[in-house]
Amino acid sequence: MSKIDGGPPDYKKLLPPIITENYGQWKYHEIPRAGVLKHVSEKGDTLYSVRVGSPRLVSIDYIRDICALADSYCDGYLRFTSRNNVEFLVSDEGKVEPLIKELEAKGYPIGGVGNALSNIVHTQGWVHCHTPATDASGIVKAVMDDLYEYFGRTDLPAKLKVAMACCLNMCGAVHCSDVAILGVHRTPPRVDHEKIRKGTEIPTLVAACPTGAIRPDPKNKSVVVNEERCMYCGNCYTMSPAMEILDAKNDGIAILVGGKVSNARTAPSFSRLVIPFLPNNPPRWPEVTAAVRHIVETWLNNARKGERVGEWIERIGWERFFSLTEIPFTDKHIDDFIFSRETFRTTAAFKY
Amino acid sequence: MSKIDGGPPDYKKLLPPIITENYGQWKYHEIPRAGVLKHVSEKGDTLYSVRVGSPRLVSIDYIRDICALADSYCDGYLRFTSRNNVEFLVSDEGKVEPLIKELEAKGYPIGGVGNALSNIVHTQGWVHCHTPATDASGIVKAVMDDLYEYFGRTDLPAKLKVAMACCLNMCGAVHCSDVAILGVHRTPPRVDHEKIRKGTEIPTLVAACPTGAIRPDPKNKSVVVNEERCMYCGNCYTMSPAMEILDAKNDGIAILVGGKVSNARTAPSFSRLVIPFLPNNPPRWPEVTAAVRHIVETWLNNARKGERVGEWIERIGWERFFSLTEIPFTDKHIDDFIFSRETFRTTAAFKY
Amino acid sequence: MPDKKTPKLDELEHGPWPSFVTEIKKAAVRNESAKDLLNLLERSYDDKRGHWKHGGIVGVRGYGGGVIGRYTDLPEEYPHVAEFHTMRVNAPSAWFYKTETLRTLCDIWEKHGSGLTNVHGSTGDLIFLGMKTEELQTTYDELSDAGFDLGGSGSCLRSPSCCVGPARCESACYDTLDVCYDLTSSYQDELHRPMWPYKFKFKMSGCANDCVAAIARADCSIIGTWRDSIRIDQDQVKAYAESGLDIQGMVCDKCPTRALKYDHEKKELHVIAEDCSRCMHCINVMPKAVRPGKEKGATILLGGKSTIVQSAFLSWVIVPFMKMEPPYTELKEMVAKIWDWWDENGKTRERLGELIYRMGMTKFLREVGLPPVPQMVFRPRANPYVFWPQDEIVK
Amino acid sequence: MPDKKTPKLDELEHGPWPSFVTEIKKAAVRNESAKDLLNLLERSYDDKRGHWKHGGIVGVRGYGGGVIGRYTDLPEEYPHVAEFHTMRVNAPSAWFYKTETLRTLCDIWEKHGSGLTNVHGSTGDLIFLGMKTEELQTTYDELSDAGFDLGGSGSCLRSPSCCVGPARCESACYDTLDVCYDLTSSYQDELHRPMWPYKFKFKMSGCANDCVAAIARADCSIIGTWRDSIRIDQDQVKAYAESGLDIQGMVCDKCPTRALKYDHEKKELHVIAEDCSRCMHCINVMPKAVRPGKEKGATILLGGKSTIVQSAFLSWVIVPFMKMEPPYTELKEMVAKIWDWWDENGKTRERLGELIYRMGMTKFLREVGLPPVPQMVFRPRANPYVFWPQDEIVK
Ligand code: SRM
Ligand code: SRM
Ligand code: SRM
Ligand code: SRM
Ligand code: SF4
Ligand code: SF4
Ligand code: SF4
Ligand code: SF4
Ligand code: SF4
Ligand code: SF4
Ligand code: SF4
Ligand code: SF4
């Protein structure tokens, strides 16, 4: 019988020798070209990392392919980044160019390093989840195709972190991304009373609703939804399959911008809603790609060097962001949930 | 029979001629000396306002006194400011110095103009209210005596607005003052069940508690207080005399700092708790005067020109404020009410 | 009654700041209740607690408020403050007085009350501090004859107040005194007869310096502003520069939006007009050289209040710019809708700010019919919890 | 089964970015469920909705999680995805692999599942995407033999993850890989057998750049920092200056605390050590010239999570500085107390951050025994609603 609780493999056994030898002894890094990092250690050793964008949803063929490359150029070592890129770890400087050539030849995108657009962190969507309001991989592919040029550059004002999540659970860091693409539902759940009676724990279901929209209905041994109070978060559906939330006609996408995670310069911050709804228009979601490009380009054209999207907007003011982008401002942009108060403009000083 | 709803007198009939003639036509002002404003109008008219600190709680003798002065120097016109100072409105430049001489001779403090300490906005305290945790006039007198020198100066880093309120109702703008002195209770209300039964509206009383600490007790036709949840705001006492909140042994004073109201430079902001409790020590509250002086002097010695107390603290960081003043930081400084989340340090960047 | 000793309060007659104790003593010379007040206060200084009971309902004919009833809990010992109510007298706009008017008030008060006053209360009323129930009506009658009226108390409109504005200030962007007087006159019924879930306060400041602290204390703050650009007088800029003002450091570097560029060589100051947020800072530092634009009006903000119950709220922007011209119809129409909405939805003792917070700004704006604009918020919502109205979704 | 047409998905094979559709097609060549996935997904592209039902409880012996059960709602039409579960494979620290290890994983997956993966999931697991119930146990057994184990799912500890840290980064202030591995190994029970009110996530970043986005996503974020001062190499400063870097503009002016002074003449950079908040900015821009101090460790922050239910929370500071040395006893003792407290007080599906918010930080700190320090908050409370413990008041 197999072991239980063996835990993951020991990382120490999976590190390339150059890393084992220089572990904790890295001195500085440079970006010799787009997609490539050069790390130099205290004792002068040099490691090149060649970063390659992946669709994340990959076949074992893909994995075997990159393994073959890593065998040829990296002595059989590679890693993945926190944004699902592949990093080829090249300790032999002479192999960097040949690797890049082969990667280019095979169509692997090299980039995502420095002040570039990196890969879009994303989720399951229609590929595997039960609550999505949209697909994830499809939109990511469409947007990355569209913004492709920025992946291979290093001269953006700052790093550009785009994230995508297919429902309000936000599996990822959509809530703190420069640009966030978010699947949203727009209609209340339809209660399947049969299913409720077949084993939903009603008190837990009632408690799950952030706005108190679900009331127990003891007579029916079910629940009723106060549709006026529901804002379609889908949390009840997560709790119970009886709360059918998918609605092909009304599900779609919202865009949030200006979040960040790093503590560099400014504190980490949430992304903020700028486009409440765009339709699901597979396979290429042209409304979404256009909206994202438009925001990114407005940033490119207006931000100062070193300004993340949110830093740029906070400098010019959100009122100016809306006028610059010509995105219409609506009541949907105004917070009305628990922490809304801190968003209210409690000053008479503002721009137009 | 007397009129009903006559309304206040028409201000136009109470303005000095120089104001009527230059109404809306003022061009600029200067501060020729501490406590004096010189306003010059478009057509070159000049109005001097001599500002005098008052205890606000004054007898009709006082009012008659200042009226006599206004008759001699201001053609019978004067006004009061939004901080309860008296302003003598002198249209004849030649009368300014004589007025000042007479005021000085009579012991009227001249000041509060420009980058000075102005009068302390305050409330009723033991003089007239039923909910106070301390007196107001007495503390104000003690603090103004102590900080007197700053009233007559104009070289502080910025304006210094001190406010005092005798309970959490905060009659005034204590919640947005550079330095706020606040009367606080520290023990839960003692329920007088007899009084409750004599006409308190129990549902309203229960609803009045911000923390839900009050439960109806239908058996007793009264209420019970969950003492663990009570934070002594006194709102229940405001609602019903049966909720006795005064507690001579535990009532006292809290100090909050760093609030501001003006929109100049930085947005208006709340004062923040820095000393959770100081004892009631009448008649001169030495602990309070010392604490206020200490904070004011730390500001004077450390702020840059033009920085209000809160602007200075926000620049250096609150952690630095506590280390500079050596005021101990305790769990009581940490918010645990509705909007606490926005105060949590959601960044790894901070000072020591 | 023999004079009691007040050693603690006597301590507060020392020191350079004028003493309220001295004032009470002055009144006590000819008024028994002022004397009792002094003694009762000394008692509080000994006991470290107040000695006043909850006020009962007392007032004058035709009015639901304007008087704060007050009774001591030690009536046997201090009989002259057994009843010791205050009357709130609605002060004139910006607290301008003729001495003769003040003297009339003093005379009335000498006759009917303690002879003690607060000039003024925090809301802005002139306060007659301490009188017996039986004196209320006559006092009111005489006040009324003298051209005065009561201020607000209870769940009603409170006495509006305003900064000195155009009467004596170069920064005033609208006539605060007139708006204050006009609204007070128009809303006499709302001011005098409690009718709402809770109190409602208006305060008017002529510019963003907000010299009546409206944003912190008023359910409706009316703060002067302009729509075009600040005006700069370059001759005066030069004069300031020559007088030694550090224009770059004290003005440009402190401009919150960095909208000002100072040309050291030419000693000229220039503004990027669209970047200026009209904070008043540059005008404050260089009043001779910089002034507000020409297209003046006010920003309307709602929701300010102090701490009880849900926390303090600062007023926030509801209308970025409104022209302020008599008879202020636009303002009044908006206020009427807001009051209706509050009255309909507010719980007992729920201030407007708390109600909007509870119900949501979106709902408020829709139901009151105000157009959403980005100036209402510092930033848009961080959560995606958007409500979709029936008519915006696909059926 | 005849190949269905997937015109919509085919569109997504165009364009420069590598295509997941191509990947599914590759797997579909030899795997029926991959083929059905493709077809089902095309169906979703037509219908504009997902076709997956709520997952039932499926798993492997001895484990309470690690598998996400998944069934299509169209099993007749797409029988090979009637069951299509995913298995979360706990990845090695910082996602380092030998190719031979990856090949072993591919071989196992080729045998037992769809041949599709996510490398990696958002939490950091390697995801085996799509398998039948009957394959779960054997897949696990083979994984286990190959030295792997399951990651977390359900109301338990989730697979911790970390940045590349000391393995390849000069900024790492502690050994993120080791802490990640150590905690994962120490908490196998918590990881594999759901036992709490809800999920709990750890993420480790070696410095404040936070390259695993811990602060946004982890209930406990461990972020590297130092206690002393940044170290500046003036020769390298000169080199950067000569290479044309605008040190004043790009470094000093963007320092959030203005702690850096640049001497243009000498081309020297100086720090006011006590003003530096260790934000990493100057180090990021001039990695050769500036580096962290010598006294290294980590800041511990708690409470991060995404939007559902009470709003998203960013982690906030709980311990400003903690040494990070094996066996990490201080950290583990603290974590044990926190988990106990959460477990005792948390409601079902209440994340730690929401619980602390609901109960109050004060209560949390007292009950968990952590000393309050000003670094925990941006600023102190604005309300005066302080709770006084019995032993601090006068009886
Ligand atoms: C490889 C990776 C860590 C890992 O363990 O996988 C990594 C590696 C490095 N990061 Fe990072 N970061 C990585 C994800 C992140 C993330 C998390 C994320 O993207 O989800 C963040 C926070 C994102 C945010 O703020 O929203 C992040 C914020 C930074 C920053 C701060 C950027 C800023 O100014 O706000 C730096 C500093 C810099 O680049 O100047 C940084 C710097 C670096 C350096 C230069 C560190 C070093 O000295 O080696 C590495 C190369 C950076 C580059 O790509 O330009 N790394 N970095 C991650 C690569 C992701 C990718 O494939 O694109
Ligand atoms: C007379 C008065 C208005 C009234 O109708 O009564 C008034 C009058 C003036 N204020 Fe004020 N302010 C008055 C209360 C206020 C208040 C409200 C308060 O104190 O409660 C504020 C907001 C306080 C706050 O921010 O917390 C206030 C914030 C200002 C500011 C902005 C200060 C800042 O930089 O934050 C200025 C601009 C300046 O002084 O540079 C200002 C400027 C002025 C000017 C210079 C306006 C002018 O051009 O005439 C007046 C003389 C200022 C002085 O005293 O130095 N006034 N001023 C009030 C005098 C109160 C007193 O007796 O001390
Ligand atoms: C007299 C005055 C204080 C003073 O000495 O100046 C005052 C005195 C009282 N206030 Fe006040 N408030 C006074 C201005 C204020 C202000 C300031 C303002 O209006 O600008 C505030 C803060 C702003 C605000 O409205 O939020 C204020 C916030 C309160 C509150 C808390 C309201 C809230 O929503 O948080 C209460 C409690 C209540 O209404 O039950 C309160 C209640 C009271 C009561 C009626 C006591 C009570 O619980 O019933 C006090 C009567 C004292 C007495 O016996 O004379 N008073 N009160 C002020 C009115 C004088 C005037 O008309 O000019
Ligand atoms: C697979 C994965 C997305 C992906 O494609 O990468 C995922 C998939 C699901 N997540 Fe997640 N979450 C995944 C990372 C996250 C993250 C990111 C992270 O961990 O760094 C978050 C945000 C951070 C956080 O925890 O707050 C996240 C926040 C949620 C939530 C909302 C939790 C909350 O407190 O707000 C739910 C809802 C729930 O727990 O019931 C959820 C629930 C789910 C479920 C189990 C659906 C459900 O309601 O039961 C999804 C199963 C999809 C499927 O069928 O495969 N997932 N989920 C990620 C896990 C893979 C892995 O182990 O590596
Ligand atoms: S974001 Fe929502 S729909 Fe997408 S994988 Fe996570 S839980 Fe599923
Ligand atoms: S979708 Fe969200 S808001 Fe609507 S009923 Fe369900 S849990 Fe409540
Ligand atoms: S602050 Fe409190 S005690 Fe003081 S006057 Fe106002 S209500 Fe009364
Ligand atoms: S004092 Fe405040 S918190 Fe305490 S019971 Fe009364 S209303 Fe509630
Ligand atoms: S608020 Fe503006 S207009 Fe009114 S007095 Fe103050 S500075 Fe002048
Ligand atoms: S008014 Fe304020 S924002 Fe406008 S230019 Fe002057 S200082 Fe800047
Ligand atoms: S978080 Fe810091 S230590 Fe870790 S990889 Fe990023 S820069 Fe390096
Ligand atoms: S680490 Fe950040 S705060 Fe410290 S000196 Fe560098 S830029 Fe300034």
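No hydrogens, no waters, no symmetry mates; every other heavy atom, side chains included, goes into these values. So that the names make sense, note that chain A is the first sequence line, chain B the second, and so on, each numbered from 1.
Contact of Thr131(B) with chain C is not made at all, since no heavy-atom distance falls under 4.5 Å. Both the backbone and the side chain of Ser122(C) come within contact range of chain B, each with at least one heavy atom under 4.5 Å from a heavy atom of that chain. For Tyr77(B), the parts sitting under 4.5 Å from any heavy atom of chain C are the backbone and the side chain alike. Neither the backbone nor the side chain of Asp246(C) comes within contact range of chain B, judged by heavy atoms closer than 4.5 Å. Only the side chain of His192(C) comes within contact range of chain B, with at least one heavy atom under 4.5 Å from a heavy atom of that chain. With a 4.5 Å cut-off on non-hydrogen atoms, Glu244(B) touches chain C through its side chain but not through its backbone. If you measure heavy-atom distances from His14(C) to chain B, the contacts under 4.5 Å come from both the backbone and the side chain. Residue contact with chain B, scored on non-hydrogen atoms closer than 4.5 Å, is absent for Lys25(C). Both the backbone and the side chain of Phe313(C) come within less than 4.5 Å of a heavy atom of chain B. Proximity to chain C involves both the backbone and the side chain of Cys233(B), based on heavy atoms less than 4.5 angstrom apart. At a 4.5 Å heavy-atom cutoff, the contact between Tyr62(B) and chain C is made by backbone and side-chain atoms alike. The contact between Cys169(C) and chain B is made entirely by backbone atoms, counting heavy-atom distances below 4.5 Å. For His175(B), the part lying under 4.5 angstrom from a heavy atom of chain C is the side chain only. Heavy-atom distances place no part of Asp73(C) under 4.5 Å from chain B, backbone and side chain included. With a threshold of 4.5 angstrom between heavy atoms, Leu89(B) approaches chain C through side-chain atoms but not through N, CA, C or O. Heavy-atom distances place the side chain of Arg349(C), and not its backbone, under 4.5 Å from chain B. With a 4.5 angstrom heavy-atom cutoff, Arg278(C) does not touch chain B via any of its atoms. Contact of Leu177(C) with chain B is made through backbone and side chain together, with heavy-atom distances under 4.5 Å. Proximity to chain B is limited to the side chain of Ile24(C), based on heavy atoms less than 4.5 angstrom apart. With a threshold of 4.5 angstrom between heavy atoms, Ser137(B) approaches chain C through its backbone and through its side chain. Looking at Gln124(B), only its side chain comes within 4.5 Å of chain C, counting heavy atoms on both sides. For Thr134(B), no part sits under 4.5 Å from any heavy atom of chain C, backbone or side chain. In this structure, chain B has a heavy atom under 4.5 Å from the side chain of Asn284(C), while its backbone stays farther away. Using a 4.5 Å cut-off between heavy atoms, Pro16(B) touches chain C through its side chain atoms alone. Contacts of Cys129(B) with chain C are made by both backbone and side-chain atoms, with heavy-atom separations under 4.5 Å. Using a 4.5 Å cut-off between heavy atoms, Ser93(C) contacts chain B through both its backbone and its side chain.
The greatest number of non-hydrogen atom pairs below 4.5 Å with chain B, out of Val21(C), Asp210(C), Val309(C), Thr348(C), is found for Val309(C). The greatest number of non-hydrogen atom pairs below 4.5 Å with chain B, out of Leu129(C), Thr101(C), Asp47(C), Leu37(C), is found for Leu129(C). When each of Gly249(C), Gly55(C), Ala213(C) is scored by its heavy-atom pairs under 4.5 Å with chain B, the top score falls to Ala213(C). When each of Gly252(B), Ser240(B), Ser41(B), Gly125(B) is scored by its heavy-atom pairs under 4.5 Å with chain C, the top score falls to Ser240(B). Heavy-atom pairs under 4.5 Å with chain B were tallied for Leu116(C), Asn90(C), Leu9(C), Val119(C); the largest tally goes to Val119(C). Top candidate by heavy-atom pairs under 4.5 Å with chain C, chosen from Leu37(B), Leu147(B), Asp146(B), Asn119(B), is Asn119(B). Note: Cys106(C) leads Pro92(C), Pro256(C), Cys106(C) in heavy-atom pairs under 4.5 Å with chain B. Of the listed residues (Arg265(B), Arg304(B), Met170(B)), the greatest number of heavy-atom pairs within a distance under 4.5 Å of chain C belongs to Arg265(B). For the set Lys13(B), Glu87(B), His122(B), the count of heavy-atom pairs under 4.5 angstrom toward chain C peaks at Glu87(B). Among the candidates His120(C), Met250(C), Lys8(C), the residue making the largest number of heavy-atom pairs closer than 4.5 Å to chain B is His120(C). With respect to chain C, the highest number of heavy-atom pairs below 4.5 Å among Ile60(B), Thr20(B), Val261(B) belongs to Ile60(B). Of the listed residues Asp135(B), Thr123(B), Leu47(B), Val121(B), the one with more heavy-atom pairs under 4.5 angstrom with chain C than any other is Asp135(B).
Aromatic rings of Tyr181(C) and Tyr11(B) (six-membered ring for Trp) have centroids within the 6.0 Å cut-off, being under it. Under the 6.0 Å cut-off for aromatic ring centres, Phe88(B) and Tyr48(B) do not qualify, their centroids lying 6.0 Å or more apart.
One finds a salt bridge joining Asp10(B) and Lys12(B) here, because a Lys/Arg side-chain nitrogen approaches an Asp/Glu carboxylate oxygen to under 4.0 Å. Classification of Arg193(C) and Asp5(B) as a salt-bridged pair holds, one side-chain N sitting under 4.0 Å from a carboxylate O. Lys26(C) and Glu23(C) are joined by a salt bridge, as a carboxylate oxygen and a charged side-chain nitrogen come within less than 4.0 angstrom of each other. Salt bridge Glu110(C)/Arg30(C): present, at least one basic N to carboxylate O contact under 4.0 Å. By the 4.0 Å N-to-carboxylate-O rule, Lys141(B) lies close enough to Asp145(B) to be salt-bridged with it.
Ala91(C) and Tyr97(C) get closest at one heavy-atom pair: CB-OH, 3.5 Å.
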Test Asp65(B) against Tyr108(B) for side chain to side chain donor-acceptor pair (under 3.5 Å), laying out the working first. CA-CA 11 Å; Asp65(B) 237 46; Tyr108(B) 286 95; 3.2 Å; yes
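Between His128(B) and the choices Phe128(C), Phe84(C), Tyr71(C), Phe20(C), the ring-ring contact (aromatic ring centres under 6.0 Å, His included) rule is met once, by Phe84(C). Between Ser159(C) and the choices Leu150(C), Asp149(C), Leu191(C), the side-chain contact (heavy atoms from CB on, under 4.5 Å) rule is met once, by Leu191(C).
Rounding to the nearest 0.5 angstrom, the gap separating the CE atom in Met286(C) from the CG atom in Asp233(C) is 9.5 Å.
Relative orientation of the His130(B) and Tyr237(B) rings is tilted, given thresholds of 30° and 60° on the angle between their planes.
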